[in-house]
Number of protein chains: 2
Amino acid sequence: MSSVKEVAKRAGVSSATVSRVLNKDPAVKPETRNKVLQIIRELNYKPNLMAKNLRKQSSKTIVMVLPTMANPFFAGIARGAQAAISQSGYNVIIGTTEFDKLQLSTYVNLLNTNLADGLILVSSNMPKEALRQLAKQHPVVLCNEYYDDLDIQSVSINNRQAGYDATCELLGRGYRSIGYITGTRESSSLLGRMSGYREALQEAGIAFNANLVAKAKSNYEQVIEVVNSIADKEKSIEGIIANSDMLASYILKGIKEGEIRLPGHVGLISFDGTFLSEVMNPALSTVAQPMYDLGFSSVGLLLQKLRNKPETADKRLFLPHRLIVRET
Amino acid sequence: MSSVKEVAKRAGVSSATVSRVLNKDPAVKPETRNKVLQIIRELNYKPNLMAKNLRKQSSKTIVMVLPTMANPFFAGIARGAQAAISQSGYNVIIGTTEFDKLQLSTYVNLLNTNLADGLILVSSNMPKEALRQLAKQHPVVLCNEYYDDLDIQSVSINNRQAGYDATCELLGRGYRSIGYITGTRESSSLLGRMSGYREALQEAGIAFNANLVAKAKSNYEQVIEVVNSIADKEKSIEGIIANSDMLASYILKGIKEGEIRLPGHVGLISFDGTFLSEVMNPALSTVAQPMYDLGFSSVGLLLQKLRNKPETADKRLFLPHRLIVRET
DNA sequence: CTGAAAGCGCTTACAG
DNA sequence: CTGAAAGCGCTTACAG
């Protein structure tokens, strides 16, 4: 493995000059530059970026932490992130917590040990205080979640509006008893959607009914159980909003298998708009999120921070969602 | 940000001693160690791993390159990889090529610039010669693919056997005209499966019919077109093997939408066994691959190489697959 | 058991 | 336009 030193020796110049050529310093005389470039080619020299990064005090690496890759929604966000980073000169370490709180510290440690320059937290349920502390010390961008009282840049859809839109669709079909199935995580996005849900109900003159709302872990058995328990309590249920395509796909399967006992036809709208929603039978009505753009923008905003560009005015970036009505 | 130097000063010792404490050198006197550890806690000192890695000439990072996260099969492999790396002291950069050949060089460059120590190529279609060169210079592990004449460690299922098993299942139902739909990529895994397919046909006394085999890009329209073109040529088609759950899900959708014109009922078996196969309606029969273990083992083998452990005897690790017969 | 010194491979302020 | 020297923050062979 050759080094600047070796290139320098062979080119008859100093290491400083080689470094200048490498960094496209225009001050270098053309002849010198060409000589150096030729030697670089001859030796097939590649700079050691660990050394460069140490010297420059930057790892040129960012971290994106997602709950899991098992949900295509998050996989879509990761794709957007990859695309955004690809020509930037940065690398991205994509990590998942798999819903295990301990894991997050692993990734935060990358910041503390100078292995990463910034962090994107996707659908993180990190406590607000911890988040505040973290963002004080390192560049952080939130994806999908946001806190009005925290000065952290975020990217997401307008969840209140999205919840409102989904509910209105079901109300528009004449349904008055509408359930809401969520995952087990408390989150600002869920709160937003729930407030839109309540708002739409209120406008329709329907009282909020806590019996119609329930949490389920993201596995088939739990979802079946939870939907049945709602249906048992509220025989008149006509519609269900599922907080993700994954949840909705389990519900659909449960209905088909006869394991979910619903009183009759029930309208179903989910969130995310992954390919799952297209491919299911019946095809899912869903509030599509711009997964790719969510990931892409998150990276864009973080890079902007890292490069000390003047920040965009808004601390919160809202990307448009889109209600897609299909068969459910 | 504090450094070993600062810790050393405050603890009244040299940097060397601080470093020894950090690295759990047993030679350090207990009193000294405790004093140092106390200062480390007081200052909340975290070592700069860029510096450490430069000195140790290892990035403690590996790269896993996958075709895309959009396919849950690859997402499953990534999950296994994450799990395997988590307690290892290494980090993994997970990259996707999104079927763009140029992208791969980005990740290979991480090796050349000392930003990564080793590489896992998942379902890579890198040309064999390039692969040989690469593996000469860097630790490489292949996942899903393998080359008998290349001395590179690999992890995969036994694709010949898997193709054989899938075909036998359809033959066992009495079908004699069985199609095979693949993606557009040439690969050793596909060749393996095809040879199992042909072997099973031959054993059943059925001549191989090239009209029944076709490639499609992984998008709905292409799959519809390709399946229809086979069905047009071979009116008697009774069974289809799809090279992935993704392909099969498009076929199912095409049938349901009436866009695929099949002569009658057709048996369908896919590969992978992602959650898609469970959740589709009808539920897919599939040759399940141990996604998680494929990712996990790939990382395990690469770490073994990096740590200079004596390598396991076999260059090829075959993990078991499992035929799951559901509704299709 | 511990320290002084060298060095990993870069970059850059300074001097000329 | 270019070089000598210092330094990023660690680790380790050597000496004592």
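In what follows, chains carry the letters A, B, and so on, assigned in the order in which the sequence lines appear, proteins first and then strands, with residues in each chain numbered from 1.
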Closer than 3.5 angstrom, by distance alone: can the side chain of [X] be matched with the main-chain N or O of [Y] as a donor-acceptor pair?
| X | Y | answer |
| --- | --- | --- |
| Glu98(B) | Thr68(B) | no |
| Asn144(A) | Val122(A) | no |
| Glu145(A) | Ser188(A) | yes |

With the side chain of [X] defined as its heavy atoms from C-beta on, choose the nearest nucleotide among [options].
| X | options | result |
| --- | --- | --- |
| Arg55(B) | dC10(C), dC1(D), dG7(C) | dG7(C) |
| Lys52(A) | dG3(C), dT11(C), dA13(C) | dT11(C) |
| Ser3(B) | dC10(D), dG3(C), dT2(D) | dC10(D) |

Side-chain N or O of [X] closer than 4.0 Å to phosphate OP1/OP2 of [N]:
| X | N | answer |
| --- | --- | --- |
| Ser14(A) | dG3(D) | yes |
| Thr32(A) | dT2(D) | yes |
| Lys56(B) | dT11(D) | no |
| Gln57(B) | dT11(D) | no |
| Ser19(A) | dT11(C) | yes |
| Tyr45(A) | dG9(C) | no |

Of Ala51(B) and Thr17(B), the one whose nearest nucleotide on DNA chain C sits closer to the 5' end is Thr17(B)
Result for 5'-nearest mapping on DNA chain C, choosing between Pro30(B) and Val4(A), is Pro30(B)
Please check if atom CZ in Arg10(B) has more than 12 non-hydrogen atoms from other residues, nucleotides or ligands closer than 6.0 Å. no
Counting only heavy atoms not in Gln87(B), do more than 12 sit closer than 6.0 Å to its CD atom? no
Atom-to-atom span, [atom1] of [X] to [atom2] of [N] - whole angstrom:
| X | N | atom1 | atom2 | value |
| --- | --- | --- | --- | --- |
| Asp25(B) | dT11(D) | CG | P | 11 Å |
| Met50(B) | dT11(D) | CE | P | 14 Å |
| Lys5(A) | dG7(C) | NZ | C1' | 9 Å |
| Leu22(A) | dC10(C) | CG | C1' | 9 Å |
| Leu49(A) | dC8(D) | CG | C1' | 15 Å |
| Asn23(B) | dC1(C) | CG | P | 17 Å |
| Asn53(B) | dG9(C) | CG | P | 14 Å |
| Lys35(B) | dT2(C) | NZ | P | 14 Å |

Counterpart base for dA13(D), defined by Watson-Crick or G-U wobble contacts under 3.5 Å: none
When both distances are under 3.5 Å in a Watson-Crick or G-U wobble arrangement, the nucleotide paired with dA4(D) is none
With nearest nucleotide decided by heavy atoms, which residue, Ala27(A) or Ala16(A), maps closer to the 5′ end of DNA chain D? Ala27(A)
How far does the C1' atom of dT12(C) sit from the matching atom of dG16(C), given to the nearest Å? 16 Å
Under 3.5 Å, is there a donor-acceptor pair linking the side chains of Glu42(B) and Gln38(B)? yes
